[in-house]
Each structure stands twice: as structure tokens, then as C-alpha cells.
Amino acid sequence: MQQRFHAPNSADELAEIVETYAEEGLPLEVRGLGSKLPFGRPVQTGAVVSTEKLEGVSLYEPTELVLSAGAGTPLAEIEKLLDDNKQQLAFEPLDLAPAYGGKPGEGSIGGVFATGLSGSRRILAGAARDNILGIKAVNGRGEAFKAGGRVMKNVTGYDLSKFLTGSCGTLSILTEITMKVLPKPEEVQTLVFHDLPEEAALGLMADAMASPYDVSGTVHLTEGLGASFSDAALSDSQTNATLLRVEGFESAVRYRIGQLKRKFAAYNPDTVLAATRSRKLWAEIRQLKPMQSRERPLWRISTAPNKAAGFVAALRHSLSFRTMFDWSGGLIWLEPDPTSDAGAVEIRRILSEYGGHATLIRAEPGIRASVHVFQPLEPALMALSRSLKDTFDPAGILNPGRMYPGI
Amino acid sequence: MHPAIVEPDAEILARRDQIVKKLKKLAPDAVLITDEEGRRTYETDALTAYRCLPLAVVLPGTTEEVSRIMRYCWDNNIKVVPRGAGTSLCGGALPSADSIVICVSRMNKLLAIDEVNRTARVETGITNLAISQQAAPRGFFYAPDPSSQLACTLAGNIAMNSGGAHCLKYGVTVNNILGMKVVLVSGEVVELGGDHLDSPGYDLMALLTGSEGQLAIVTEATVRLLKMPETARPMLLAFPSSESAGACVAGIIAAGIVPVAIEFMDKPAIHVCENYAHAGYPLDAEAILIVEVEGSEEEVAWLLEKIEEIASEYDLLQSRVSQSAEESEAIWRGRKAAFGAIGQISDYFCMDGVIPVSKLPEALARVSKIAASYGLDVANIFHAGDGNLHPLILYDSSDEEQLERAEACGADILKACVELGGCLTGEHGVGVEKRDLMSWQYGPADLLQMTRLKDLFDPQWQLNPDKVFPREARSGSGAG
């Protein structure tokens, strides 16, 4: 069946469309530029509403570290503008498009905040929700509203901007987003270690984060993953690799890398990648370069860093997979061999012993419809989530079922 | 009666003895305060202009006790006012005569420190500073550092989403909380998040942080710990005008430098603080900036030199880079003593508006014009990096007419902040103080999204009810 497609030119127009659908109780798929459509549970609707025409940067004050843009503004356009002014989105938004077979940079800024997925620098600079300052949005009743503002600090009323980040368009449709931006570091270097036992690598990354050297990226690539990167320091090596990134002013980076090399001398830090190579490497990590085999499911697992090694080791007994650790082990990307449930039962069973939560990022629609894509919640939290859905979207028309059945 | 104080429910007041008896039975190990003298301590917070004796005060020792009391109050339509240390500057902990105060200050234990994951699990009655002090032997600290950190509790910090001088680099409370144990209005206990960096489902911790104790009571939390920097050093920059100081802040940020703190003081603030703390502030300056940077010795020296170079392009009168721990202490001494110093010479209202940083000169001009129009003096202290303005309006509390003028003056200043593109409050919260100003910043549809959440979490509006929202904005079953 052909879906009806709405791409309103203004938030008011969008509000009218939503109001009409709400009155009739007809569900709407909420979409930005469509780069992350396979994210979440499959949504079946007769109509789509897209924010693609709500685009353009409406405010950018580099010296105030603030930018506002329509939800449909391409992320690539915003990042280009920031780059021209030597600034960046510090939370390094994850670029999921290539993992779904798209091209890098295809998504919208609305999609970035609707999914709320942050990249490697999250450990130092906070997550997407930590960098949002204000929103304009339309709820499931067709009411247009704003929350937060354009200033760095704001505790005026409840923080709906942060709360709606990551709600996948199930509560409201973001129409404009105001975010914090930060200077782009002058220098970037990456310290590379090879062939460390997994537990040692994870320990090293945790130690690095507990140092005063402002490490802004800690990734461990298990054996065989290096091949997908363009840098020879990784692609030429058959072993695993552990990466520490340091960013800042040139002299400070040189000093900190030196200190880290000394601190971890016993682990044989064999390579330091300079700025150009480092930037390329971390851009590839942000696109999940080693996790783009589309025939395999992809999981994102959040756990405490000191639980990561144990969890992965235990899971290996019952599941075959490729894995990459980010956030010094606190974020595990995992590509299991294809099975009928994408490994959901085993992953969640073992994870329950260690604590944390797992999200199925990529799988066939049939699997995403039959297993929990997002971590099942405790009954009390699930009930609260349903009430929240009812509050913002009483007719249940916005992306129904995208996160949980009925939500 | 001050308009901030609401008319109590006579039926609840009449049941006082019965309620007290029941509380004693429900939480026999909790401290229960019912005598007038004891309750007097809880009649106000740091916004001392407003006072009201609560029905009773309970200081529970466990989450289970909080849960039982909440359940009882829920079943019996009794209002609850949660309280930490009572350092709120906006009347966030102000009780009503028909309310039970649940004060978490006895629940002040640090439960565990996890060095590998860099977290601490605490009971929320712990003071902000105690977390950092207990983490210090292992080289860690808890980043948000409100001025009241010696006394204020994490519970209050979570309720108000507190910031501090160093939040330019490290963020505010919401950015530093990973997990929470919360008691809902019904008494149900729910765990949110954990010791990982994000939580599944809707971001309830983002919603609860800064909800001013209106949605739930948070009794335990997992906070992020950070490694202490190798060294930190401030410098003092003096300018002939607030315009040049403001332009210098923009210049520093344009150069790609985000210092850990940039504090601004205007001439009246400089004079009062210098007189009180003898910090060596230049009395001829119209404005000073205290800029602090962190890193290795070499990096700090390099950054301070670079900042000085930038500042010299903005009519810099004088600069003083700290060369020792004593000098660093001296540079900060005046700023940190500011509230005490001004409190010595006068009663004051501390405003908490936020403005876009580029509007600083315009904002200061408007603040002094507004204050002059009310015939009041004002001193300005300002977290310049993030635009958080603290005008201190001086008044005489024994003069009722002056108190009213000072309140009206403060309201006008906040209105100006909103008009300049900012907001009513950056870190103190709305409380009762700014409740009726909310409609300047938000339209009816904006407020409705928030009051519906209040309806959802607290259908009878029993938990800290008379705060945050103007009465006319209340919706749903709790209206009236």
C-alpha cells in the first residue's frame, strides 16, 4: 500500500496535520531525512510526516557556543558550518546511515536528537542530551510548544528538551533544536596499542579515563576488525588494537600523549597517529566502519566499564559474534552471526547477570517485530512510560510501537 | 500573609494530632519534629523573606521510611514538601501550614566508590562537598560546585539541577548523574539508570533532575566522579568598562579556549568584596574577570599567557596571574565571599537570570537602570562564560515597602533577561519566588506540557505543590 507523504513547510502546518490525524486516530510515521528508518521496531502506518522541509540554521553565535536549526537540516550541513568556524558538536553524533547501507552524513539534526545516540567523545563531552539547550516541537495532540531556550544554563521549569531526546518521535515531533557547540580542537593524536589481552585492554582504557589527561576516545577493536579501516596502522595488522585519543591545543596534546605513553609503557604503545590520520580514523569509528556487514544483526550494549570483559567472555560460550568496545568498555558494539532472534535471548540473559541494557540496532524487520528492540523495562517503569506516551500522544499516533509495543 | 503562602486546608489542620500519631507509627526510627520550636528551623529556606510553619517534620533514615510516609500522605491527601539542607534561594523548600516536610538530611551516607567506573553511590542527604571530600583521597571529585556546597545536599542539587562556578567545563547536576532510586508520590520505589552512561527507554532522570521536588523524592543516586586535574590556576583581569570585559569573554571563546570558569564582578561587587575579604581587587576597575584554567603546569602557563594576550586587546587595565596556591586562594577569596560580604552590609535578593553572553553590556545597563528606577542599589556577579547573571538587589527587610519594591525590581530584571533572549533562572530554580513570572518565558501551550507531567506523576498535586507554576496554569484534576 502506498503511504501518504506529508512534508509540511512550517511547524504550524505540521501541527495541523498531526491534529487531523489525532482526531481520526490514524497513525503517522515520523521521519527526518530517513537515514535511520530501520532503527527501532517496524512501524506500520498509512502516512508519513517528514520534517525535511523544516530546514536551515536560524541562529549561530560562535562566541556564545550556540546554534539553532530546523529539525530537517542535514547534519552534514551543520557540521560543515561549524567546521568553517573551527567548532563542532562535541558529543560526536553517531552516524548510523552506513550501518544501514546509506552514505555517511545522510541524516538530519532532528534524527540525531530523536535517537540521541552519541559517539566516542561522549565519555568526555557528554551525550546528545547533555548538549541540547532548547526545542520547538509538536506533540501528538497537534499542539506546538517550546521548551528550554538558547542559553547555556536554564532550570526554568521541567527540562523537556533533554527528556524528549532519544524518545524516537514517539512523544512529540521535534521541529527546531537549539544546541551547544564547542571549539574544534586544534590538534588530535591517537595512541595505538596492539595485541593486548581483552581484559588488559579494557583495564588500560579505564585507567586512561581515570588519568588527568582528558582522553576523549577509548576504543578496543577485537581481532579482525582493523581490516575495515583505511589506516595502515590498523588494516595491516591481524591482531586486536586499542586506541586512546587526545585532543586540544598542540602543546597540551603532545604533553598528554607523552604522559600516557610513559604511564602505559608496559603495554608497548607502538604508534602515535597524527592529526590527519587520527581524524580519519575516528570519523570511521563514528560511522561504525567495522560493523557494516548488513547480513549480520547489530547490537549496542551499555554496561559499566568493569563489567564489559566478563559479559563478553560469558557471551562467547553461547554466541558467535564480532565486537568493538567504545567508552572504555561502557559501550559494546556486537555483530552476532545471523540467527532467528538475532541473539536477543542469549544477550539479554547474560547481560542480566552483569547489568546494563541492549538495543538491537540492525536486523530484518521480521526479527525487529518479534524481539524486544529496546531493553524491556521493569513493570513500574513500563507503566510510567505508557502514561508518558498517553500524556503527549493520547491517540497513540506518533510512531506507534517504534520503541515498545504501544509506545 | 504573604501571597507566596497558601491558605491551608482546615480539615488537615484539624487532624494534626492523628496525623502525627500515624507518622510515629509508620516510621518509628525516623526523627519526628512536632513542637513549634523544632519546626521553626524548617519554616523557611535561604529565601528568608517567606516563612510558614509546617504541620510536622520527618527526617527518615531509609528509603523504605520515605516510601511509607509518602504512601500514607498519598492515601490521606496530605501535602509533602521535600527538603535537603534548606539552602534554596527561590523558596523551593518553603512549607505550607498543612504540609509534612520530609527532610532527607539524615540519609547522608556515601555507600560506595567505584574507581574503575568512576562513580559514587550515595544517599542524597549527603552534602555536595562531602562527596568530593570522600573521593579526594583517591584523586577524584564530583564536579558540580554550587556556592552553598558546604551545606547543600545532593537531593537539593538534583531537585534544582544545580550548577556552580565550574560548570562551563563540567556541566551541571543533570550531566553528572547516572542512576537514581526514587520514591513516587504513591510510595512506589523505582530504580532509574545505573552505573552505565545512558539508560534505556525515556530519559526519566533528565525529567526528574530540575523538577524541583514536584515529581518524586530521590533518595539515592549514582554520580560520576572525575579525576582531579594536575593543576588549576586563576588569573584576574581588570577592565575600565563592562563592555570591554564582555568583549574579552567573547574573544577568549572565539580563540577556541573554554576555561573551566569565567567569573565577572562589577564595580559595586568588587568594592564590597574587597572591603570584606581583602583579596587585592583593583578598586578603580569597572569590571573584573576571574578566569581559571586547568591542565599540566606547562599547559596552564601557556593558556594563561594566551588569555592575557587576548585580554590586552580589550582595554585591559591590569592583569594578575596567580603564581602560587596562596595567590589563587586570594583571587577566589573575594568572589567566594561575595554573598557573605554583601549580606554583611545589607539584606539582599539574589537574582539568577541568564542572558546570551553577547548581551552582557546591554543587560548590565538595563539592570542598573531598573534598580535606579526603584531607588535600590544592585551589585552584579556573573558566571560570564555561560551568561548566568546574579544581580544582588540590596534592601532593608525591616521595611515592608522596600521589600515589595525589591521584589518588583527583581521581577523587572528577570523580565529583561527573558526579553534579551535568556531565561528566568539558570541554577536556583523557580520555586515560589519566580512562579508567577513563568508566563513571561513560556506560553500557555509550553506550560501545559509541564503541568500535564505534574498531573501524571502527582494527580492530586500533593508533592511540593505551590511552586514552579502560576496558579492559573494548573491543569487537570489538581486544579485549584
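A quick note: this is a predicted structure, and the numbers were derived from the prediction, not measured. Every chain is numbered from 1 and lettered A, B, ... according to where its sequence line falls, protein lines coming before strand lines.
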With a 4.5 angstrom heavy-atom cut-off, could you sort out which part of [X] is near chain A: side chain, backbone, both or neither?
X	answer
B:S162	neither
B:Q441	both
B:L192	side chain
B:F140	side chain
B:M450	both
B:E427	both
B:D114	side chain
B:L168	backbone
B:L225	neither
B:P229	backbone
B:V116	both
B:R224	side chain
B:H428	backbone
B:L197	both

Which residue in the set A:R122, A:R129, A:R300 passes side chain to side chain donor-acceptor pair (under 3.5 Å) when paired with B:D198? A:R300
Which residue is it: B:E212, B:K454, B:Q214? I am looking for the one with a side chain to side chain donor-acceptor pair (under 3.5 Å) to A:Y158. B:Q214
Given that the side chain runs from C-beta out, which part of [X] has a heavy atom under 4.5 Å from chain B: side chain, backbone, both or neither?
X	result
A:L377	side chain
A:S211	backbone
A:N85	neither
A:K86	neither
A:P62	backbone
A:L331	neither
A:K184	neither
A:S251	side chain
A:A144	backbone
A:A127	neither
A:M209	both

Mind ranking [options] by heavy-atom pairs under 4.5 Å with chain B and telling me who comes out on top?
options	value
A:L182, A:L171, A:T170	A:L171
A:K307, A:R256, A:E378	A:R256
A:Q259, A:Q375, A:K389, A:R141	A:R141
A:M152, A:E143, A:H357	A:H357
A:G116, A:G157, A:G149, A:A206	A:G157
A:L65, A:L388, A:D159	A:L388

Within this structure, what is the [atom1]-[atom2] distance for the pair [X] and [Y], rounded to the nearest 0.5 Å?
X	Y	atom1	atom2	answer
A:S161	B:D203	OG	CG	11.5 Å
B:D195	A:N306	CG	CG	7.0 Å
A:Y354	B:H196	OH	NE2	15.0 Å
A:F249	B:K306	CZ	NZ	5.0 Å

With respect to B:P356, which candidate in A:V151, A:L59, A:T63 satisfies the side chain to side chain contact (heavy atoms under 4.5 Å, CB included) definition?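 It is A:V151, the one option of A:V151, A:L59, A:T63 that forms the side chain to side chain contact (heavy atoms under 4.5 Å, CB included) with B:P356.
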Under the 3.5 angstrom rule, does the side chain of B:Y442 hit a backbone N or O of A:T156 as a donor-acceptor pair?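 Looks like yes, one N/O pair under 3.5 Å.
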Any salt bridge linking A:D390 with B:R452? Criterion: basic side-chain nitrogen under 4.0 Å from a carboxylate oxygen.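 B:R452 and A:D390: not salt-bridged.
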Quick one: do A:K136 and B:D446 make a salt bridge, cutoff under 4.0 Å?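 The answer is no: the pair does not qualify as a salt bridge.
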Measuring only between side-chain heavy atoms, which start at C-beta, is [X] closer than 4.5 Å to [Y]?
X	Y	result
B:V174	A:K162	yes
B:Q449	A:L160	yes
B:F457	A:L384	yes

